[in-house]
Structure formats: structure tokens, C-alpha cells
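Input: a single structure, listed below in C-alpha cells.
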Amino acid sequence: MDARFVAIYAIVARIPEGKVSTYGAIARVIPVPRGARGVGWAMARCPANVPWWRVVSATGRVTSPNAHIQSELLMNEGVAMRDNGFVDLTIARWALQAD
DNA sequence: GGGCTGACTGACG
DNA sequence: ACGTCAGCCAGCC
């Protein structure tokens with residue numbers, strides 16, 4: 001486990017309910033080895049205590065293999081969902097912070 | 001060692 | 001506005 005990935009999980013863990021963030025946005029705050037893909041890679045291996053469902057693609061689309069579960073979780077938290085698998089980043093986007 | 005894949009993104013037609 | 005393409009680079013055959 002690399003310290004950078006720990007930082008990714010730490011940031012994701014800071015995303016409040018009803019808010020989401022994007023892979024690319026996180027990749028800009030942290031010097032991730034492979035940029036946005038690195039974040040996705042990290043999410044794919046979410047250490048367990050990580051609210052991975054609050055991370056979506058830059059367009060607001062849920063790109064996870066279990067998108068239906070993710071979208072359901074987001075709706076359950078009050079995230080502004082458009083339709084199946086889409087989040088309204090205009091409303092739900094969280095202001096990133098490295099610390 | 002070489003080629004393909006992917007929980008991405010931004011540019012292009 | 002929407003579908004495709006190319007760049008990206010660690011992992012996994």
C-alpha cells in the first residue's frame with residue numbers, strides 16, 4: 001500500500017453524505033501514479049472503510065461494475081441523481097481538499 | 001519482453 | 001449534444 005493511495009482513501013472518506021467527487025479531481029489534488037486511472041484502480045481495491053460510491057467519473061456517470069448499487073447508495077444519501085447511473089455534479093460535486 | 005485491458009479524461013467531428 | 005479516438009501507465013497474461 002502506497003502512501004498516495006492512503007491519501008486517496010483519506011480524501012474519499014472526507015466526502016460528506018449527499019456529495020460526490022471525481023477520479024480526475026482527486027488525481028489533481030494528489031500526485032497519483034497513473035492520474036485518474038490510478039484513482040479508479042485504488043477504488044477497485046477499496047480497503048473496506050472507503051465510501052467508494054461517492055466517487056464518479058468527470059461527467060457524473062457512475063462507471064463502476066456495480067453501478068446500480070452505487071446509484072442506489074447515492075440516492076439513499078440524498079445525492080442529486082438524474083437517471084440510472086448519472087449524478088448531477090452541478091449540485092452534488094464536493095469541493096476537494098487535500099488535507 | 002511484448003501486447004492487451006481498464007471503476008478516466010479531454011479533444012474532435 | 002453525442003459517439004469516438006488518442007493519451008495515459010500500472011497490472012496481468
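Here is how names work: the chains are called A, B, and so on, in the same order as the sequence lines, proteins then strands, and each is numbered from 1.
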I'd like a list of close polar pairs between nucleotides 7-9 of chain C and the protein, N/O only, cut-off under 3.5 Å.
residue	atom	partner	partner atom	Å
C/dC8	O2	A/Arg37	NE	3.1

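- Sorted by first then second residue, the ring-ring contact (aromatic ring centres under 6.0 Å, His included) pairs that include residues 45-73 of chain A, not counting sequence neighbours, number zero.
- With A/Tyr9 contributing its side chain and A/Ala48 its backbone, the two residues share no donor-acceptor pair below 3.5 Å.
- Hydrophobic clustering places A/Ile69 together with A/Met75 (ILVMFWY residues linked when any side-chain heavy atoms are closer than 4.5 Å, directly or through intermediates).
- Between A/Gly60 and A/Leu89, the shortest heavy-atom distance links the atoms N-CD1, 3.3 Å.
- A 4.5 Å side-chain heavy-atom check between A/Trp41 and A/Ile8 finds every atom pair outside the cut-off.
- Proximity of residues 17-26 of chain A to DNA chain C (heavy atom under 4.0 angstrom from any strand atom) is not detected for any residue.
- Rounded to a whole Å, the CZ atom of A/Arg4 is 10 Å from the P atom of C/dA10.
- Atom pair A/Ile30:CD1 and B/dC8:P shows a separation of 17 Å (rounding to whole Å applied).
- Residues in residues 56-67 of chain A take part in no salt bridge (Lys or Arg N to Asp or Glu O under 4.0 Å) pair, two or more places apart or across chains.
- Minimum heavy-atom separation, A/Arg54 to A/Leu74: CA-CD2, 4.1 Å.
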Would you give me the side-chain donor-acceptor pairs under 3.5 Å for residues 15-36 of chain A, sequence neighbours excluded?
residue	atom	partner	partner atom	Å
A/Lys19	NZ	A/Ile91	O	3.0
A/Thr22	OG1	A/Ala25	N	3.1
A/Arg34	NH2	A/Arg37	O	3.0

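- Distance CG (A/Asn66) to C1' (B/dG6): 15 Å, rounded to an integer number of Å.
- Atom OH in A/Tyr9 sits roughly 12 Å away from atom C1' in B/dA7 (whole-Å rounding).
- In this entry the distance linking CZ of A/Arg61 with P of C/dA1 reads 17 Å, nearest Å.
- Between A/Ser57 and the phosphate of B/dC8, there is no side-chain N or O to OP1/OP2 separation shorter than 4.0 Å.
- Partners of A/Ser57 by side-chain hydrogen bond (donor to acceptor under 3.5 Å, both in side chains), not counting sequence neighbours, listed by chain and number: A/Thr59.
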Dump the pairs, protein N or O against N or O of nucleotides 10-13 of chain B, anything under 3.5 Å, distances to one decimal.
residue	atom	partner	partner atom	Å
B/dG10	OP1	A/Arg28	NH2	2.7

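- With rounding to whole Å, A/Trp41 atom CH2 is found 13 Å from B/dA7 atom P.
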* If pairs are Watson-Crick or G-U with both distances under 3.5 Å, what is the dot-bracket string of DNA chain B, marking crossing pairs with [ ] and pairs to another strand with |? -> .|||||.||||||
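- In terms of hydrophobic clustering, with Ile, Leu, Val, Met, Phe, Trp and Tyr side chains grouped at heavy-atom distances under 4.5 Å, A/Val62 and A/Phe86 are assigned to different clusters.
- With rounding to the nearest 0.5 angstrom, the CD atom of A/Gln70 is 7.0 Å from the OG1 atom of A/Thr63.
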